[in-house]
Amino acid sequence: MRIARFSIDGNVGYGVVEGEGPEGLVLDIIKGIPYADFELSGTKVPLSKVRLLPPVLPNKIVAFGRNYREHAAELGNEVPDTPFAFLKPSTSLVGTGDPITYPSFSEELHHEAELAVVIGRMCREVPRERVKDVIFGYTCANDVTARDVQRREKQWARAKGFDSACPLGPWVETELDPADVTIQCTVNGSQRQLGRTSEMVHSIEDLIVNISEAMTLLPGDVILTGTPAGVGPLNVGDEVAVTIEGIGTLTNKVIKRG
């Protein structure tokens, strides 16, 4: 099931995306919020008539770095023995079609295509065998990074937490098997990244067990699972697209700040 968050005529809501193809997609509007049992209203709106928003409003975005060996190697880093987490603020979130604003304090912006996990219920200290029970679904993410700032400042708050540094979307797919799906990133139609989730060093179960030992996860929280090799520069005017098999495509254009 594909669940989107949208805006139409100033109203914000959730809906189930039905149909196929750009012209055949419609939203069946949900009564209430989608994390618990919900009813469909039966009111259907063509997807082309709404603005898609970030599919969730997370309390926090927990990202894991260096979780693909070839990506760690391309930046000259070792693969950590245990999952390596950092936080991106909720203010870094944008949806598909929204602009990525090139930060004024950077001269080297990079894309990082990632599978994102959306949490569906409040949980902490999740045992491995219960991880699937706390997952609401999966979506596409771009962990946009000011690479020069990341190198210069050592800690990553500004490099990965600036406004628009976390495009997410286009919707949440609740029925995906994430064990071995393709992750692809293109810039202006040219392929930059191509990998599979089966290449992760630490599995989704590893990541959620690790972070839930330290902090409570809430419905709508987002876990970024790392990026495959091929990260590279983004320039003003570029269109970057993250496509994940079984989910869809997240597309954003880079604009100048100001």
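Starting from 1, each residue takes its place in the sequence as its number.
- Under the salt bridge (charged side-chain N to carboxylate O under 4.0 Å, His left out) criterion, Glu213 pairs with no residue, sequence neighbours left out.
- Closest of all the heavy-atom pairs between Ala116 and Leu168 is CB-CD1, 3.8 Å.
- Ser106 contributes no side-chain N or O that, together with a main-chain N or O of Ala146, makes up a donor-acceptor pair within less than 3.5 Å.
- Between the Ser164 side chain and the Thr101 main chain, a donor and an acceptor come within less than 3.5 Å of each other.
- Clustering ILVMFWY residues whenever any of their side-chain heavy atoms sit less than 4.5 angstrom apart, transitively, puts Tyr14 in a cluster other than the one holding Val12.
- In terms of heavy-atom proximity, Gly15 sits nearest to Phe6 at N-CE2, 3.8 Å.
- Applying the salt bridge (charged side-chain N to carboxylate O under 4.0 Å, His left out) rule to Asp206 yields the partners Arg128; only residues at least two apart in sequence or on another chain are considered.
- In this structure, Pro219 and Val56 have side chains that are not in contact, with every pair of non-hydrogen atoms separated by 4.5 Å or more.
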Side-chain donor-acceptor contacts of residues 251-258 below 3.5 Å, not counting sequence neighbours, with atom names and distances?
from, atom 1, to, atom 2, distance (Å)
Asn252, ND2, Gly95, O, 2.9
Asn252, ND2, Asp98, O, 2.7

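- Among the candidates Glu114, His111, Gln184, Glu112, the single residue satisfying the side chain to side chain donor-acceptor pair (under 3.5 Å) test with Gln193 is His111.
- Using a 4.0 Å cut-off between charged side-chain N and carboxylate O, Arg69 and Glu199 make no salt bridge.
- In this structure Glu245 satisfies the salt bridge (charged side-chain N to carboxylate O under 4.0 Å, His left out) test together with Arg196, sequence neighbours excluded.
- Look at Arg130 and Asp133 and you find a salt bridge, because one of the NZ, NE, NH1 or NH2 atoms lies within 4.0 Å of a carboxylate O, short of that distance.
- In terms of heavy-atom proximity, Cys185 sits nearest to Val240 at SG-CG2, 3.7 Å.
- Other residues, nucleotides and ligands place more than 12 heavy atoms under 6.0 Å from the CG atom of Asn235.
- Residues in residues 26-50 take part in these side chain to side chain donor-acceptor pair (under 3.5 Å) pairs, two or more places apart or across chains: Glu18-Lys44.
- Listed by chain and number, the residues in a salt bridge (charged side-chain N to carboxylate O under 4.0 Å, His left out) with Asp143 are Lys88, Lys160 (sequence neighbours excluded).
- Atom CD of Glu74 has more than 12 neighbouring heavy atoms from other residues, nucleotides or ligands inside a 6.0 Å radius.
- Here the side chain of Thr243 pairs no donor or acceptor atom with the backbone of Thr249 at under 3.5 angstrom.
- A single hydrophobic cluster is not seen to contain both Leu27 and Val16; linkage of ILVMFWY side chains at heavy-atom distances under 4.5 Å, directly or through other members, places them apart.
- A pairwise comparison of heavy atoms in Leu207 and Pro83 identifies CD2-CB, 3.8 Å as the closest pair.
- The cluster map of Ile, Leu, Val, Met, Phe, Trp and Tyr, joined by side-chain heavy atoms under 4.5 Å apart, puts Val117 and Val62 in the same cluster.
- Looking only at distances, no side-chain donor or acceptor of Glu153 sits under 3.5 Å from a matching main-chain atom of Gln155.
- Salt-bridge annotation for Arg2 and Glu20: present, with a side-chain N of the basic residue lying under 4.0 Å from a carboxylate O of the acidic one.
- The hydrophobic cluster containing Leu194, built from Ile/Leu/Val/Met/Phe/Trp/Tyr side-chain heavy atoms closer than 4.5 Å, comprises no other residue.
- Sorted by first then second residue, the ring pair (Phe, Tyr, Trp, His ring centres under 6.0 Å) pairs that include residues 229-258, not counting sequence neighbours, number zero.
- Counting heavy atoms from C-beta on, the side chains of Val17 and Ile3 never come closer than 4.5 Å.
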Between side-chain atoms of residues 170-177 and protein atoms elsewhere (two or more places apart, or another chain), which donor-acceptor pairs fall under 3.5 Å?
from, atom 1, to, atom 2, distance (Å)
Trp171, NE1, Ile247, O, 2.9
Glu173, OE2, Met1, N, 2.9
Glu173, OE2, Glu175, N, 2.9
Thr174, OG1, Met1, N, 3.3
Thr174, OG1, Met1, O, 3.2
Glu175, OE2, Met1, N, 3.3
Asp177, OD1, Ala179, N, 3.2

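- Using a 4.5 Å heavy-atom cutoff, the side chains of Leu109 and Phe162 are in contact.
- In this structure, Glu129 places its CD atom where more than 12 heavy-atom neighbours from other residues, nucleotides or ligands lie under 6.0 Å away.
- Qualifying side chain to side chain contact (heavy atoms under 4.5 Å, CB included) partners for Arg124, counting only residues two or more places apart in sequence or in other chains: Thr216.
- With a 4.5 Å cut-off on side-chain heavy atoms, Ile61 and Asp221 do not count as touching.
- Counting heavy atoms from C-beta outward, Thr225 and Ile204 have side chains that approach closer than 4.5 Å.
- Residues Val231 and Thr145 have side chains not in contact (no heavy-atom distance under 4.5 Å, counting atoms from C-beta outward).
- Within the 4.5 Å cutoff, the side chain of Ile30 has heavy atoms near those of the Pro34 side chain.
- The backbone N or O of Pro233 sits less than 3.5 Å from a side-chain atom of Arg192, completing a donor-acceptor pair.
- In this structure, Glu70 places its CD atom where only 12 or fewer heavy-atom neighbours from other residues, nucleotides or ligands lie under 6.0 Å away.
- Residues Ile183 and Leu115 approach most closely at CD1-N, 4.0 Å, considering heavy atoms.
- The 12-atom threshold is exceeded at CE of Met215, counting heavy atoms of other residues, nucleotides or ligands nearer than 6.0 Å.
- Among residue pairs with one or both ends in residues 51-105, those qualifying as ring pair (Phe, Tyr, Trp, His ring centres under 6.0 Å) are Phe84-Trp156, Phe86-Trp156; sequence neighbours excluded.
- Considering Ile100, Val242, Leu93 as possible partners of Pro167, the one that fulfils the side-chain contact (heavy atoms from CB on, under 4.5 Å) test is Ile100.
- Clustering of Ile, Leu, Val, Met, Phe, Trp and Tyr side chains at separations under 4.5 Å leaves Val26 isolated, with no partner residue.
- Residue Val131 is not grouped with residue Phe136 when hydrophobic side chains (ILVMFWY) are merged at heavy-atom distances under 4.5 angstrom, including chains of intermediate members.
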